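Report on the structure given below.
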Amino acid sequence: HGLYHSVRMQKNGYSNTLIDNILGEGLAMHFEIEVTGGKPFRHWTSIKNEALAKVMVRAKKEFYSTNFNYDDWFFGSKARSIPRFAGYSIGYSLVNKILKVHGATPSQLVGTRSKKLVTSISL
C-alpha cells in the first residue's frame with residue numbers, strides 16, 4: 001500500500017486535490033488486493049449504496065479543491081457530517097469502476113493522472 005503511494009507520487013508528483021487523494025487511496029487499496037490476493041478491509045467499503053451516493057455528491061463539490069481537509073474526508077467530521085472513512089469508501093468504489101473500464105490492474109495505472117482516470121468514468 002505504502003509502496004504504491006511512493007511510486008505514484010514519484011510518477012505524478014504530490015497529490016494536491018481531494019480527487020488526487022481519493023484516487024490515490026483507492027488505487028493503493030486495490031493494489032494491496034492485487035499483490036496479496038486478499039479482501040478489502042471493512043473500512044474501505046464501510047459506506048455503501050445510498051449513503052455512498054450521498055457523500056459522493058458532497059465530495060464532488062470539493063474534488064478539485066486544493067483547500068480541502070484530508071482528515072475530514074478520510075477520518076470523518078461530526079461538525080461537517082462527513083462519515084468516517086468516506087474518502088476511502090469513495091476511492092475504493094471509483095477505482096473499482098476505473099479498473100473495469102480500463103481492463104487494467106492498479107499496478108498498470110500507477111502513472112496515470114487522476115484527471116484521465118476520472119474522465120474515463122461517469123460520475
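Basis for what follows: all heavy atoms, side chains included, without hydrogens, waters or symmetry-related copies. Since we're looking at a predicted model, the values are computed, not measured.
- By the neighbour-count criterion of 12 heavy atoms within 6.0 Å, atom CZ of R42 is sparsely surrounded, having that number or fewer from other residues, nucleotides or ligands.
- Interatomic distance, L94 CG to I121 CD1, rounded to the nearest 0.5 Å: 4.5 Å.
- Separation of atoms CD1 (I19) and OG (S114) is listed at 6.5 Å; rounding is to 0.5 Å.
- F31 has its ring centre no less than 6.0 Å from the ring centre of H1.
- Here the side chain of R8 pairs no donor or acceptor atom with the backbone of L27 at under 3.5 angstrom.
- Here the closest heavy-atom approach between residue G111 and residue N12 is recorded as O-OD1, 3.1 Å.
- When atom types are taken as modelled, the side chain of Y4 and the backbone of P106 share a donor-acceptor pair closer than 3.5 angstrom.
- With respect to F74, the side chain to side chain contact (heavy atoms under 4.5 Å, CB included) criterion is satisfied by exactly one of L18, N69, I82: L18.
- Summarising the geometry of F63 relative to I22, their closest heavy-atom pair is CE1-CD1, 3.9 Å, with the distance given to 0.1 Å.
- Counting heavy-atom neighbours within 6.0 Å of Y70 OH, excluding the residue itself, gives a total above 12.
- Across S89 and H43, no two heavy atoms sit closer than the pair OG-O, 3.6 Å.
- If you take NZ on K115 and CG on D20, they are separated by 11.0 Å, rounding to the nearest 0.5 Å.
- Proximity of a side-chain donor or acceptor of H30 to a complementary backbone N or O of Y92 within less than 3.5 Å is detected.
- M9 and M29 are not part of a single hydrophobic cluster, where members link through side-chain heavy atoms under 4.5 Å apart.
- Annotation: K60, atom NZ; neighbour count of heavy atoms from other residues, nucleotides and ligands within 6.0 Å is above 12.
- Shortest non-hydrogen contact noted between Y64 and T17 is O-CG2, 3.7 Å.
- Interatomic distance, Q108 CD to L99 CG, rounded to the nearest 0.5 Å: 9.5 Å.
- When every heavy atom of F68 is checked against every heavy atom of N16, the shortest pair comes out as CE2-O, 3.5 Å.
- Within the 3.5 Å criterion, the main-chain N or O of I90 finds no donor-acceptor partner in the side chain of S93.
- Taking both residues in full, the closest heavy atoms of S107 and E34 are given as OG-OE2, 2.6 Å, listed atom of the first, atom of the second, then distance.
- With rounding to the nearest 0.5 angstrom, the NZ atom of K11 is 11.0 Å from the CZ atom of R113.
- Looking at S77, its side chain never comes within 3.5 Å of a backbone N or O of W73 through a donor-acceptor pair.
- One distance of note links CG of L117 with CD1 of I98; it measures 4.5 Å at 0.5 Å rounding.
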